[in-house]
Amino acid sequence: MKRLANAEIAKILTQIRTLMEFAGEPFFKFMAYERAAETLENAPPVAELVAAGRLQELPGIGKTIAARISEICATGTCVYLDELRAKYPLTLVELLGVSGVGMKTAQQLFGLLGVASLADLEAALAAGRLDGMPRLGAKTIENIRRGVLAYKGRQRRTPLGQALPIAREIVAYLAEHTAAADLTPAGSVRRQEPTVGDIDILCTSTDAAAVISAFTRWERAEAVLAEGETKASIWLRGGLQIDLRVLPAHLYGNLLQHFTGSREHNIQLRELAVRKNLRVSENGIVDLTDGTTTTCRTEEEVYARLGLPYIAPELRLGIGEIEAARDGALPAVVELGDLRGDFHMHCTWSDGRNTLETMIAAAAARGYSYHSVSDHSWGRGGMGLTPDDLRAQRERLREIGDKYGVRSLRSSEVDILPDGGLDFDDAILADLDIVVASVHSALNISRDDMTRRLIRACENPYVNIIGHPTGRNVETFPGYEFDYDAVFAAAARTGTALEIDGQPNRLDLPSPLARRAREFGVTFTCDSDAHGADQLANVAYAVGQARRAWLAPDAILNTRDLDDVLAFVEAKRVRGGAAKVI
DNA sequence: GCCGTTTTCGGCCCGACTGTTTTCAGTCG
């Protein structure tokens with residue numbers, strides 16, 4: 001059968017968790033499934049771990065859940081879920097997805113009215129069958145009605161590349177119209193999640209009411225979901241939710257830590273705190289032995305009070321970072337300022353929007369000491385470069401680069417053909433400074449064929465970087481299937497870097513895979529894949545994903561100086577790709 | 001169901017907002 005992706009297994013665990021709660025199982029029992037699902041979302045490919053018998057090394061996965069996961073991998077489901085489904089329809093999960101309907105309400109609707117799905121709920125609302133039920137007043141029913149509409153109209157999770165600009169927009173609005181300080185996007189946006197469920201904004205102020213009032217009156221707010229003394233929530237058109245929290249300035253560190261999450265990270269942090277007789281919340285850290293409260297201006301102080309070094313936001317997933325921090329085993333992760341160049345961008349010679357000179361000027365303006373223009377190869381329909389084009393472009397690169405004071409490397413994003421061969425002959429590639437090779441076609445070949453295809457590309461002595469290695473789209477496509485470990489091993493063995501592509505719809509390699517690849521000793525690049533000068537800034541997204549993968553600067557090729565980059569290329573050519581590898 | 005620099009048994013995070021209530025349950029993050 002088809003190999004299940006981690007996300008699919010996590011979804012099944014979440015279904016089990018929901019039906020367990022519905023069935024009245026003990027709180028900590030079903031919460032264990034929730035934690036396990038969260039772990040899988042950010043873990044290396046589960047199929048490999050199952051095969052190696054290493055599932056229980058993952059945090060929050062013990063004997064029972066490991067057995068269930070193995071069963072799901074082997075059969076696509078598990079007996080325990082089937083037993084639950086025999087009593088409670090899986091469509092109950094829909095009910096709980098409706099904003100305003102929680103477990104108690106769903107149980108009541110199912111038990112008293114037989115409402116078991118979204119369609120059932122709509123019919124019951126239309127027929128007025130909710131009227132007069134215990135604890136369901138007119139306002140609550142109206143709220144549920146609105147929740148149903150939102151559920152049906154809601155888009156999927158919002159890509160980070162769309163959410164971050166909106167977050168900056170509301171921050172700019174509040175900065176202009178209120179006296180709020182410390183305005184900061186928090187939550188999943190700050191953690192650089194590839195897609196986000198909502199946007200969290202926080203700030204400090206001595207007049208929270210004024211800030212909240214301005215927030216709920218924002219012209220883009222379609223509806224106000226909640227408006228209290230320190231927090232408020234609005235919906236934008238399309239259903240994206242923004243939460244705002246306002247506290248006094250001396251609590252900024254506590255507030256930022258609290259609202260950055262993740263939920264799982266915070267739970268684990270507070271569990272650790274409880275063992276030290278401390279109670280952590282956004283309102284400060286209370287010492288339960290003497291009742292004193294510590295408030296923090298910075299997050300560093302929060303972690304220090306708990307006996308931990310600072311943990312970067314992108315690492316806060318509740319997947320072992322707290323233990324690593326405690327043991328002093330957290331890496332100093334790469335920062336945007338560590339980058340000295342960008343290997344992946346396009347200009348009007350292929351499918352970019354800006355001219356070669358504009359792109360070079362923009363790269364220089366970012367302070368890079370080098371970059372490469374990697375237009376597509378000719379196999380990509382009409383827009384790719386022919387070998388003659390490539391030669392002509394190369395002659396202009398040095399000249400324009402000199403003009404702007406940056407080293408413009410000769411490059412190409414060459415197509416990897418279905419059999420693993422390349423769209424340009426080696427003689428042409430040999431004339432380039434650095435080569436990016438990417439899969440753009442025949443995405444549906446078999447897993448084994450795709451594995452062989454990528455390994456063969458790695459083994460070409462002129463291929464230095466595999467571009468967007470899984471081909472995923474964060475919204476629409478999980479990526480083509482291949483044997484990750486086999487390709488990571490090949491990349492490490494041949495001295496081929498794997499790209500972390502910063503295009504917001506790609507963010508590829510995904511961070512769990514990058515973290516896995518690092519175990520094989522793979523080198524990475526953080527690239528923008530810019531198709532216009534304004535998109536060079538997308539490299540920040542690539543760095544965000546690298547940080548989520550716990551990568552230090554030394555794992556990233558474009559943190560190195562030009563000589564070291566050229567030495568990386570030369571070393572592979574000298575070895576002749578796979579031919580002379582020990 | 002998981003887990004252990006107080007535990008292999010007995011613990012397991014914390015608070016804001018809403019609506020239906022007369023002191024709190026439910027929902028959410």
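Here is the naming used below: chain letters follow the sequence lines, and residue numbers restart at 1 for every chain.
Listed by chain and residue number, A:Thr451, A:Ile455, A:Asp483 satisfy the side-chain contact (heavy atoms from CB on, under 4.5 Å) test with A:Ala486 (two or more places apart in sequence, or in another chain).
Considering only side-chain atoms of A:Ser281, the nucleotide from B:dC28, B:dC14, B:dC17 that sits closest is B:dC14. The nucleotide whose nearest atom lies closest to any side-chain atom of A:Asp200 is, among B:dG29, B:dC13, B:dA16, B:dG29. If you check B:dT27, B:dC14, B:dG29 against the side chain of A:Lys104, the one that comes closest is B:dT27.
A straight line from CG of A:Asn143 to C1' of B:dT27 spans 10 Å, rounded to a whole angstrom. In this structure, A:Ile144 atom CD1 and B:dG26 atom P are separated by 13 Å, rounded to whole Å. As rounded to whole Å, 20 Å separates atom P of B:dA25 from atom NZ of A:Lys139. Between A:Leu96 atom CG and B:dG26 atom P there is a gap of 14 Å when expressed in whole angstrom units. The CZ atom of A:Arg191 sits 11 Å away from the C1' atom of B:dG29 (whole-angstrom rounding). Between A:Ile267 atom CD1 and B:dC13 atom C1' there is a gap of 6 Å when expressed in whole angstrom units. Following rounding to the nearest Å, A:Leu109 (CG) and B:dT27 (C1') show an atom-to-atom distance of 14 Å. Atom CG of A:Leu130 is separated from atom P of B:dT20 by 12 Å (rounded to the nearest Å).
Under the 3.5 Å distance criterion, with hydrogens and angles disregarded, no donor-acceptor pair is assigned to the side chains of A:Glu94 and A:Thr91. No hydrogens or angles considered: nothing links the side chains of A:Thr292 and A:Asp287 as a donor-acceptor pair under 3.5 Å. A:Asn266 and A:Gln257 share a donor-acceptor pair across their side chains, judged by distance under 3.5 Å alone. In this structure, a donor-acceptor pair under 3.5 Å is absent between the side chains of A:Tyr484 and A:Thr470.
For A:Ala37 against A:Thr14, the heavy-atom pair with the smallest separation is CB-OG1, 3.6 Å.
Mapped onto DNA chain B by nearest heavy atom, A:Phe259 and A:Asn266 fall at different nucleotides, with A:Asn266 at the one closer to the 5' end. In terms of position along DNA chain B, the nucleotide closest to A:Pro134 lies nearer the 5' end than the nucleotide closest to the other residue of the pair A:Ala106 and A:Pro134.
If you check every strand for non-hydrogen atoms under 4.0 Å, A:Ala138 touches sugar and phosphate atoms only. Residue A:Asn283 is classed as a sugar-phosphate contact, given heavy-atom separations below 4.0 Å to backbone atoms only. The residue A:Gly187 sits apart from the nucleic acid: no heavy atom pair falls under 4.0 Å. A:Val98 comes within contact range of the sugar-phosphate backbone alone, with a heavy-atom separation under 4.0 Å but no base atom that close. At a threshold of 4.0 angstrom between heavy atoms, the contacts of A:Met103 are confined to the sugar-phosphate backbone, with no base atom among them. Within 4.0 Å of A:Ser233, counting heavy atoms only, lies no atom of the nucleic acid at all. Among the protein residues, A:Glu229 comes within range of the sugar-phosphate backbone only, with heavy atoms under 4.0 Å from sugar or phosphate atoms but none that close to a base.
Look at A:Gln241 and you'll find a side-chain N or O under 4.0 angstrom from OP1 or OP2 of B:dG29. Within the 4.0 Å cut-off from OP1 or OP2 of B:dC17, at least one side-chain nitrogen or oxygen of A:Thr230 is found. Using a 4.0 Å cut-off, no side-chain N or O of A:Ser99 falls inside it from OP1 or OP2 of B:dT27.
The C1' atoms of B:dC9 and B:dC14 are separated by 25 Å, rounded to the nearest whole Å. A gap of 24 Å separates the C1' atoms of B:dT8 and B:dC13, to the nearest Å. For the C1' atom pair drawn from B:dT18 and B:dT23, the interatomic distance equals 15 Å after rounding to whole Å. The same atom, P, is picked in B:dG26 and in B:dT21; the two are 12 Å apart, to the nearest Å. The same atom, C1', is picked in B:dT7 and in B:dC12; the two are 12 Å apart, to the nearest Å. For the C1' atom pair drawn from B:dA16 and B:dG11, the interatomic distance equals 27 Å after rounding to whole Å. B:dC24 and B:dT20 have their C1' atoms separated by 9 Å, with the value rounded to a whole Å.
With respect to the salt-bridge test (charged N to carboxylate O, under 4.0 angstrom), the residues A:Arg305 and A:Glu301 do not qualify. A salt bridge is defined here as a Lys NZ or Arg NE, NH1 or NH2 lying under 4.0 Å from an Asp or Glu carboxylate O, and A:Glu299 with A:Arg190 meets this definition. No salt bridge links A:Asp200 with A:Arg191; every basic N to acidic carboxylate O contact stays at or beyond 4.0 Å.
The stretch residues 203-228 of chain A touches DNA chain B through A:Ala226, A:Glu227, A:Gly228, each having a heavy atom within less than 4.0 Å of the strand.
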Got a list of protein N/O to nucleotides 1-5 of chain B N/O distances below 3.5 Å?
unit_1: B:dG1; atom_1: OP2; unit_2: A:Lys29; atom_2: NZ; d: 3.2
unit_1: B:dC2; atom_1: OP1; unit_2: A:Gly62; atom_2: N; d: 2.8
unit_1: B:dC2; atom_1: OP1; unit_2: A:Gly62; atom_2: O; d: 3.3
unit_1: B:dC2; atom_1: OP1; unit_2: A:Ile65; atom_2: N; d: 3.1
unit_1: B:dC3; atom_1: OP1; unit_2: A:Gly60; atom_2: N; d: 2.7

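Around atom CD of A:Glu222, more than 12 heavy atoms belonging to other residues, nucleotides or ligands sit under 6.0 Å away.
Pairing of B:dT8, defined by two Watson-Crick or G-U wobble distances under 3.5 Å, is not identified with any nucleotide.
For the side-chain contact (heavy atoms from CB on, under 4.5 Å) test with A:Asn254, the passing option among A:Ile285, A:Leu247, A:Thr293 is A:Ile285; the others fail.
Within the cation-pi definition used here (under 6.0 Å to the ring centroid, within 45° of the axis), A:Arg516 does not qualify as a partner of A:Phe488.
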